[in-house]
Amino acid sequence: MFGPDGRTVLEADLAGADDHATIERKEERARIQRQLAEIAKKQASILKQAQQGDPDAPVTAALRGSYNELAKDEKQLQAKIAALDELDSSTPRGMTADEVPLIDALPYLASNLAKAPEPYLRALLEAVQLAIVVHDDGEHATRTIKLPADKLPEITHVAERITDVTPSHETPARSRA
């Protein structure tokens, strides 16, 4: 992840990323939105008919019942959309292709990590939630880092501090032509 091939590896991972669940939620949301639009159209028609009818007539009472049933269906569909929204907000968002250039700066940071003071290194690794899982065979490991949106300023600050306290390489962002 910090090496010179980090970007290539990440781009390959992004290309193979499975966003099937996200696509399914988007399609489900669109289907529900169509159902809600149909309910609104039916409710408008029923309301118009009920307004033109005799308030005491059985057909007007039936229209009110139909309208109320549609209102109940509408509420259930809106609850489904809220559940989909909750899933979307709780599902970690993967890195997009637009954010991949950030990876280019990692080798410059990596060259300074070995020399970084322990408090800065600890703060950076905690901020990015570094996790390394060694697999049962002992020959393979999976590294995971997270870049929570609410911690990006902290991560950036710590990374800059590491670069500042160990000035051995210029990063692309700091180099001047």
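Given the structure is predicted, the values throughout are model-derived calculations rather than measurements.
- Annotation: side chain of R34 is in contact with side chain of R31 (closest heavy-atom distance under 4.5 Å).
- Counting only distance, with no hydrogens or angles, the side chain of T60 and the backbone of P55 share no donor-acceptor pair below 3.5 Å.
- One finds a salt bridge joining K72 and E69 here, because a Lys/Arg side-chain nitrogen approaches an Asp/Glu carboxylate oxygen to under 4.0 Å.
- Proximity of Q129 to T144: side-chain heavy atoms (C-beta onward) are nowhere separated by under 4.5 Å.
- The structure places CZ of R29 at 12.0 Å from CG of L36, a figure rounded to the nearest 0.5 Å.
- Closest approach of L77 to I32, counting heavy atoms only: O-CG2, 3.7 Å.
- Within a 6.0 Å sphere centred on NE2 of H135, other residues, nucleotides and ligands contribute more than 12 heavy atoms.
- Scanning all heavy atoms of the two residues, the minimum distance from A141 to I132 falls at CB-CG2, 4.2 Å.
- Each of K48, Q49, K41 was evaluated against S45; a single residue qualifies, Q49, per the side-chain hydrogen bond (donor to acceptor under 3.5 Å, both in side chains) test.
- For D136, the CG atom counts as loosely surrounded, since its 6.0 Å shell holds 12 or fewer non-hydrogen atoms of other residues, nucleotides or ligands.
- Between E38 atom CD and L70 atom CG the span is 9.5 Å, to the nearest 0.5 Å.
- With a 4.5 Å cut-off on side-chain heavy atoms, Q78 and I81 do not count as touching.
- Considering only heavy atoms from C-beta on, I39 stays 4.5 Å or farther from K42 through its side chain.
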